[in-house]
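First up is the structure itself, then whatever we jot down about it.
In this text the structure is predicted, and so the values were computed from the model without any measurement. Quick note on labels: first sequence line is chain A, next is B, and so on, each numbered from 1.
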4 protein chains.
Amino acid sequence: MRVKRKDTKKRILESALKLFSEKGIRETTIKDIAKEVGITEGAIYRHFTSKDEIVRGLFGMYSEEFYDRLMLAFEEKTYRDKFYRAVEEFLSFCFENPEAFKYLDLFHYLRAEEVKEFKKLPKDAILKLLEEGRGVIKIRAELALAMFVGTLERVFLFTQAGLLEKYKDIKGEVADLLWKALTSQ
Amino acid sequence: MRVKRKDTKKRILESALKLFSEKGIRETTIKDIAKEVGITEGAIYRHFTSKDEIVRGLFGMYSEEFYDRLMLAFEEKTYRDKFYRAVEEFLSFCFENPEAFKYLDLFHYLRAEEVKEFKKLPKDAILKLLEEGRGVIKIRAELALAMFVGTLERVFLFTQAGLLEKYKDIKGEVADLLWKALTSQ
Amino acid sequence: MRVKRKDTKKRILESALKLFSEKGIRETTIKDIAKEVGITEGAIYRHFTSKDEIVRGLFGMYSEEFYDRLMLAFEEKTYRDKFYRAVEEFLSFCFENPEAFKYLDLFHYLRAEEVKEFKKLPKDAILKLLEEGRGVIKIRAELALAMFVGTLERVFLFTQAGLLEKYKDIKGEVADLLWKALTSQ
Amino acid sequence: MRVKRKDTKKRILESALKLFSEKGIRETTIKDIAKEVGITEGAIYRHFTSKDEIVRGLFGMYSEEFYDRLMLAFEEKTYRDKFYRAVEEFLSFCFENPEAFKYLDLFHYLRAEEVKEFKKLPKDAILKLLEEGRGVIKIRAELALAMFVGTLERVFLFTQAGLLEKYKDIKGEVADLLWKALTSQ
DNA sequence: AATGAATGAGATTTCATTCAT
DNA sequence: AATGAATGAAATCTCATTCAT
């Protein structure tokens, strides 16, 4: 019965994320996670000291990964390219990690106090981009952030929900939309 | 003896909403709600048959109210005025019912299946508005919906979180931003 | 099935004491206590917020009662009578509350830090008595306390264990023994 | 490589004793002991088949050592010297092995049944001494035992707790006290 | 000998719901 | 209508012990 595998810790995180995004954190029990991984409840506690540690571990992990992806935008030369690249990376991350995104989103803004300990928050990457664009971006950075994040978020969620067709170049389409909206006031 | 108390049922809903938006649904116990109202656990069950009934009751109530508010936009004459009125009503509702909004938002789009029974969903009001604007609105209605809803949502949440200053005419500012974004592609 | 009784809280304390002294605190489960009382585990938590609260509650309750009993010695006129009365009350309390005594003893001196919050500790009543006897009692009060408490404790425990016969006037016999020991150096 | 480490079995017993006397038996986990020794849980089971075996092993070991120490009293010539030597050995053992003593004490008299298998119980050495003193000791041996053991026990515990100063000749002081108490009725 | 992941049983605690009053 | 004790199911967590390596 003892299935041997090296990466139990990683598998716990993955299963937890899947279940958290499907059912919510509170609705997901340690037993659920254990069953998904294929181990017993007690075994979870060799890798994490509490359910909360799993939650925070997940948030930190994906938050950082998302942040790093967004920061790739700064590799581009022109500001316009940086902007388009940021949109591209944002949506790519969402579609590649839909569960993580839903989970992050939920956690992110609704429980702001609990997030303070994390250094690399995705929103900070975007804010940096928008502040760098002062002059090109016609409105104050925080309002631009709201439109940028809000729009991409909804695009992703509507696509997931089937409300919006995820056809070929939705990334380019949305990038155009946002670029015009924020630069041509 | 003559003090007219709002009837208990209403007070239960209000207290539940407050606690749900503060701590989440699962984290809020019937005992918490009872204490907030100033009655005991058993008494709750005089008015609702289950905790779930409270949840659905709340969602239906605020969802409908929000929908009705948004539909007021159609009282305006010109399309532009309707659009501006919708933004105005959206943000007014949010700021007047911040708890309800946070709560609704969460429930709304992330758990689409659970929402099917409700006829008057806020998103349908906005969708109707955007479809009526075909011609003026340059992009397909669903994408416009994503930007419209996403932006307003984030404006509200950022304002609540202190990231965005809620100065005098934020409603007008945001309405301008959205109007230009959606009409001038 | 729902047996109606007013004093569930008291019954919980009594059952807990019985089991604690029989099996030890850690070895006694909430389930054990519940079964002994004739209710379910959950019901315990309507009366106490944790197992620890039961433990501290018990200690405080019996500690105070024991203290009050010992303080009755000061009702007597002569010092000798006070001394004899204290011995009498000490042993009476032990034989009337054997479980409490074993439990108290265990808790008392082995986990001194945890006991600080309690004001009326039995040992303080005895210490007061011995200090009042300065002059009559020939040795320093703390050493006298050790002999007084140690002897009575062992007399009780040996009697309980069947090592010592609990015949008619053991209280008088022990009081004589202690009185002579402490006054005639 | 040449550092001769005390063998693991002994180190386990020592660590276990330390933790048992600090936190109690049930409160001490195998993992705690392993960490204290510097090995892992599984390794413990190379040396002991169960936690209970550690417990009984410890009790037997210290009980016997204590017994042997007390029996040294019989090396003395006169009865008075035997008595004084017994007090001396009793307290020496306590102060040298405070953890063992606390642990033994607890176990010793409160759970008499569990102790039956052990042949050399400290109390039997004392009882032997007191019985040999018939004539000199004025009271029945069991009562004398209670005073002897109880007083010494409390002297040790109070000293440990800081209630009693452990100055130069406390052993002689206590021996005098007990000798007079038991012989001059 | 030793490691440390895993098991499995059980302990504490929580809580929606029921029910006698 | 209301109270609040009690139920019962389930959740989190603990830990002695086993076992593959």
Side-chain angles (χ1 to χ4, degrees), chain A residues 1-9 12 26-34 37-54, chain B residues 7-9 26-35 37-55, chain C residues 1-9 11-12 26-34 37-54, chain D residues 7-9 25-35 37-55:
Chain A
M1 271 303 116
R2 298 231 185 143
V3 183
K4 259 286 101 107
R5 280 237 237 151
K6 269 286 152 48
D7 48 0
T8 305
K9 187 158 187 167
I12 292 171
R26 271 306 290 267
E27 287 73 11
T28 301
T29 70
I30 293 287
K31 196 171 205 150
D32 291 336
I33 299 172
V37 177
I39 56 179
T40 58
E41 289 156 273
I44 302 269
Y45 289 89
R46 181 157 286 274
H47 303 279
F48 297 92
T49 62
S50 69
K51 186 179 170 182
D52 199 59
E53 201 184 284
I54 300 178
Chain B
D7 76 300
T8 307
K9 187 158 186 168
R26 278 296 295 266
E27 288 73 9
T28 301
T29 69
I30 291 288
K31 196 168 195 165
D32 291 336
I33 299 172
K35 195 186 290 172
V37 176
I39 57 180
T40 56
E41 297 148 278
I44 301 267
Y45 288 86
R46 279 276 137 203
H47 302 279
F48 296 92
T49 63
S50 71
K51 187 179 171 182
D52 199 57
E53 198 183 288
I54 299 177
V55 170
Chain C
M1 271 298 120
R2 298 229 185 145
V3 183
K4 258 290 100 109
R5 282 237 236 149
K6 268 287 149 52
D7 48 1
T8 304
K9 186 159 188 169
R11 282 159 57 222
I12 291 170
R26 270 305 290 266
E27 288 73 12
T28 301
T29 69
I30 293 286
K31 194 171 206 147
D32 291 336
I33 299 172
V37 176
I39 56 180
T40 58
E41 291 154 273
I44 302 267
Y45 289 88
R46 181 157 286 275
H47 301 280
F48 296 92
T49 61
S50 70
K51 187 177 169 183
D52 198 59
E53 199 184 286
I54 299 179
Chain D
D7 75 301
T8 307
K9 186 158 186 167
I25 296 172
R26 277 299 295 266
E27 287 74 10
T28 301
T29 69
I30 292 289
K31 194 168 198 167
D32 290 337
I33 299 171
K35 194 185 290 172
V37 176
I39 56 179
T40 56
E41 296 148 279
I44 303 266
Y45 288 87
R46 279 276 138 201
H47 302 279
F48 296 93
T49 64
S50 70
K51 186 179 172 183
D52 199 58
E53 199 184 288
I54 299 177
V55 171

Would you kindly give the [atom1]-to-[atom2] distance between [X] and [N], to the nearest whole Å?
X	N	atom1	atom2	answer
C/Ile39	F/dG4	CD1	C1'	14 Å
A/Ile12	E/dA5	CD1	P	10 Å
C/Ile33	E/dA11	CD1	P	12 Å
B/Glu41	F/dA6	CD	P	13 Å
C/Ile44	F/dT7	CD1	C1'	13 Å
C/Arg11	F/dA6	CZ	C1'	12 Å
D/Lys35	F/dC15	NZ	C1'	13 Å
A/Glu27	F/dT12	CD	C1'	15 Å

Distance, nearest 0.5 Å, that separates [atom1] of [X] from [atom2] of [Y]:
X	Y	atom1	atom2	result
C/Arg46	C/Lys9	CZ	NZ	12.0 Å
C/Thr28	C/Arg26	OG1	CZ	11.0 Å
D/Ile54	D/Thr49	CD1	OG1	9.0 Å
D/Thr40	D/Ile30	OG1	CD1	11.5 Å
A/Lys51	A/Thr29	NZ	OG1	7.0 Å

Is there a side-chain contact between [X] and the phosphate of [N], meaning an N or O under 4.0 Å from OP1 or OP2?
X	N	value
C/Tyr45	E/dT13	yes
B/Thr8	F/dA1	no
D/Lys51	F/dA16	yes
C/His47	F/dG4	no

_Watson-Crick or G-U wobble mate for E/dT21, both contacts under 3.5 Å_ =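 F/dA2 is the nucleotide pairing with E/dT21.
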
_Mate of E/dA9 where both pairing distances stay under 3.5 Å, Watson-Crick or G-U_ =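 Pairing partner: F/dT14.
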
_Counting only side-chain heavy atoms from C-beta out, which of E/dT3, E/dT13, F/dA16 sits nearest to D/Thr40?_
E/dT3

_Per A/Ala43 side chain, nearest of listed nucleotides E/dT3, E/dA6, F/dA5_ =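 When the side chain of A/Ala43 is considered, E/dA6 is the closest of E/dT3, E/dA6, F/dA5.
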
*Between B/Arg26 and D/Ile30, which is nearer to the 5' end of DNA chain F once each is assigned its nearest nucleotide?*
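In this pair, the answer is B/Arg26.
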
*Report the residue (D/Lys31 or C/Gly42) whose heavy-atom-nearest nucleotide on DNA chain F is the more 5′ of the two.*
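By nearest-heavy-atom nucleotide position, the 5'-most residue is C/Gly42.
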
*Scan A/Thr28 against the nucleic acid and name what it touches under 4.0 Å (heavy atoms): base, sugar-phosphate only, or nothing.*
sugar-phosphate

_Of D/Arg46 and B/Thr29, the one whose closest DNA chain E nucleotide lies more 5'_ = D/Arg46

